[in-house]
Amino acid sequence: MAVLVTGGTGYIGSVTCVKLLQAGEEVVIADNLSNSDISVTDRIKKITGKNFSFYKADVRDKAAMRDIFAKHKIEACIHFAGLKAVYESISKPLEYYDNNIGGTIALLEIMKEANVKKIVFSSSATVYGNNEPPFSEDMEIGLETTNPYGTTKLFIEKILGDLAISDPEWGVMLLRYFNPIGADESGLLGDDPNGIPTNLMPYIQRVATGKLPKLFIYGNDYETPDGTCIRDYIHVADLARGHINAVYRVRTMSGIDIYNLGTGTGYSVLDIVKTFMKVNDIDVPFEYAPRRDGDVVTSFCDPTKAKREIGFTTEKTLDDMCRDSYNFIKKLTN
Ligand code: NAD
Ligand code: UD1
């Protein structure tokens with residue numbers, strides 16, 4: 001029985017496929033390559049020494065997806081496929097609603113047709129909006145998203161919740177990721193978005209490799225110990241491992257469950273920059289800039305439910321995250 005991984009050649013999906021293959025799972029990837037490259041499939045094979053099936057397919061293309069379900073005995077799906085650029089989503093809301101929400105609905109319809117009713121979904125800490133940290137899964141979440149990307153995550157969570165109520169055969173797991181950074185330990189898989197990055201670590205990587213002159217730290221007058229915003233950064237390899245725990249559980253579950261995937265510890269923007277410079281022995285020039293619209297001051301999770309119910313804890317340190325991020329970008333640019 002196989003696990004279908006949509007978006008499996010992307011940043012988090014590719015590292016998750018490595019962990020799934022290493023855990024002995026059969027993997028089938030469906031990705032339209034809109035934000036990833038086919039060469040990722042060779043890198044996954046190189047790291048694991050294992051084979052898997054890859055389909056260049058859009059999850060909205062029902063005929064193509066139906067074909068995949070016909071060819072493989074799929075028992076569960078991890079649904080990473082989606083667009084994720086917050087600022088792009090503000091200027092292209094219809095594309096985001098179509099791709100993320102439309103894509104999820106199309107996938108669910110094909111899953112239902114194939115009688116495969118177990119799904120793990122990539123949600124985001126963004127759904128907590130302006131709640132008070134530490135964020136826990138039982139907190140009320142309203143409609144406080146600040147951008148269409150965040151709204152797609154919120155709506156998909158609701159859609160999956162309604163689906164779970166409609167039929168007890170559905171087992172739905174919502175994973176709310178905090179801030180994934182770092183790269184696969186091999187240095188072959190990591191995060192290097194197209195264009196100028198808007199997320200912190202990809203931007204630092206570009207400065208460290210001389211592609212951008214300096215980092216702008218958005219705001220140093222927040223109510224935090226050093227004045228910069230605080231986030232719960234999680235190593236992508238830990239995050240990927242969390243999906244193994246999730247798949248083991250979703251196989252036999254009925255209804256819906258939500259888990260935070262984070263470390264539970266917050267670090268400031270300055271902590272990240274200083275740690276990156278220290279562990280990699282490299283300068284990252286920066287200057288303070290005005291606050292960025294839509295940023296929450298402090299975001300970190302309560303990780304206890306994931307530990308208690310699916311046995312997930314993180315292992316990597318902030319040093320590991322910064323070292324692996326730099327290792328990946330150095331390999332990519334050499
Ligand atoms: P990514 O862009 O690297 O990977 C997404 C993959 O999905 C890409 O390979 C892309 O080609 C593919 N894709 C997009 N639309 C598709 C479609 N319609 N059909 C088939 N494939 C499609 O992003 P990522 O960082 O790996 O994120 C994976 C998931 O996790 C996304 O849903 C994202 O919203 C969510 N998430 C990411 C973060 C983060 O910081 N990276 C945080 C929270 C949640
Ligand atoms: C952002 C998204 C969030 C999404 C997450 C993962 C916003 C408002 N939120 O979260 O919805 O789930 O990415 O994709 O965009 N920073 C700088 N300089 C930079 C870049 C970032 O100082 O060049 C700061 C930010 O102000 C923030 C921190 O670094 O305080 C982390 O930023 P980022 O990596 O963009 O993640 P989030 O804003 O937490």
Side-chain angles (χ1 to χ4, degrees), residues 5-16 29-38 40 55-61 64-65 78-87 89-90 95-96 98-100 102-104 106-107 121-129 145-147 149-153 156 175-181 189-194 196-204 206-207 212 214-220 222 224 228-234 236 239-240 243 261-262 267-270 272-273 286-300:
V5 184
T6 73
T9 45
Y11 171 45
I12 305 168
S14 60
V15 182
T16 301
I29 297 179
D31 196 303
N32 67 2
L33 300 180
S34 60
N35 198 36
S36 54
D37 193 86
I38 187 67
V40 167
Y55 294 88
K56 181 173 188 288
D58 192 301
V59 290
R60 291 165 295 180
D61 180 345
M65 296 305 291
I78 307 180
H79 180 35
F80 291 106
L83 301 174
K84 63 158 183 177
V86 170
Y87 291 98
S89 79
I90 295 167
E95 279 90 333
Y96 273 68
D98 176 40
N99 195 76
N100 293 7
T104 303
L107 173 70
F121 174 65
S122 303
S123 191
S124 166
T126 192
V127 300
Y128 287 111
T145 54
T146 52
N147 55 76
Y149 163 76
T151 311
T152 69
K153 293 295 175 193
I156 296 167
L175 300 182
R176 292 180 179 158
Y177 308 156
F178 280 70
N179 287 59
I181 59 171
L189 302 169
D191 195 15
D192 183 42
N194 295 330
I196 297 183
T198 54
N199 291 124
L200 179 63
M201 187 53 85
Y203 203 106
I204 292 177
R206 295 274 171 99
V207 176
L212 287 169
K214 65 179 145 190
L215 171 74
F216 296 95
I217 295 184
Y218 301 133
N220 64 339
Y222 285 102
T224 60
T228 67
C229 288
I230 291 176
R231 296 287 181 276
D232 185 336
Y233 296 93
I234 175 169
V236 69
L239 184 67
H243 291 75
L261 294 186
Y267 288 104
S268 73
V269 179
L270 260 185
I272 302 297
V273 179
F286 67 85
E287 85 180 35
Y288 293 112
R291 293 179 177 195
R292 181 171 77 174
D293 278 353
D295 270 343
V296 296
V297 184
T298 302
S299 163
F300 61 92

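Numbering of ligands and ligand atoms starts at 1, following listing order.
- Polar contact check, H79 against ligand 1: no nitrogen or oxygen pair lies under 3.5 Å apart.
- Polar contact with ligand 2: absent for D293 (N/O pair, distance under 3.5 Å).
- Remark: ligand 1 and G7 share no N or O pair separated by less than 3.5 Å (distance only, no angle test).
- Given atom 27 (C) of ligand 2, the protein heavy atom at minimum distance is R231 NH2, 3.8 Å.
- Between S124 and ligand 1, no N or O atom pair is found at a separation short of 3.5 Å.
- Contact between S14 and ligand 1 is absent, with no heavy atom of the residue lying under 4.0 Å from the ligand.
- Closest to atom 30 (O) of ligand 2 among all protein heavy atoms lies C229 CB, 3.0 Å.
- Taking atom 3 (C) of ligand 2 as the reference point, the nearest protein heavy-atom neighbour is V86 CG2, 4.0 Å.
- Between H79 and F121, the ring-plane angle classifies as tilted under the 30° and 60° cut-offs.
- Regarding atom 38 (O) of ligand 2, its nearest protein heavy-atom neighbour is R292 NH2, 2.8 Å.
- Using a 4.0 Å heavy-atom cutoff, S123 is listed among the residues neighbouring ligand 1.
- At least one heavy atom of Y233 sits closer than 4.0 Å to an atom of ligand 2.
- When the heavy atoms of T298, I230, T198 are ranked by distance to atom 20 (C) of ligand 2, first place goes to T198.
- If you check each of D295, I272, N147, V269 against atom 26 (O) of ligand 2, the one with the closest non-hydrogen atom is D295.
- Nearest non-hydrogen protein atom to atom 1 (C) of ligand 2 is N199 ND2, 3.7 Å.
- Of all protein heavy atoms, the one closest to atom 16 (N) of ligand 2 is Y218 CD1, 3.7 Å.
- Nearest-residue assignment for atom 12 (O) of ligand 2 (options A289, S122, G219, S124; heavy-atom criterion): S124.
- For atom 4 (C) of ligand 2, the closest heavy atom belonging to the protein is Y149 CE2, 4.1 Å.
- Where the criterion is an N or O separation shorter than 3.5 Å, residue side chain and backbone included, K84 fails it with respect to ligand 2.
- Residue contacts with ligand 1 include S34, since one of its heavy atoms falls under 4.0 Å from the ligand.
- Using cut-offs of 30° and 60° for the angle between ring planes, the Y149 and Y96 rings count as perpendicular.
- Ligand 2 has a nitrogen or oxygen under 3.5 angstrom from a nitrogen or oxygen of F216.
- Counting only heavy atoms of the protein, atom 28 (C) of ligand 1 lies nearest to F80 O, 3.7 Å.
- Geometrically, ligand 1 and Y177 share no nitrogen or oxygen pair separated by less than 3.5 Å.
- With respect to atom 10 (O) of ligand 2, the closest heavy atom belonging to the protein is N179 ND2, 4.1 Å.
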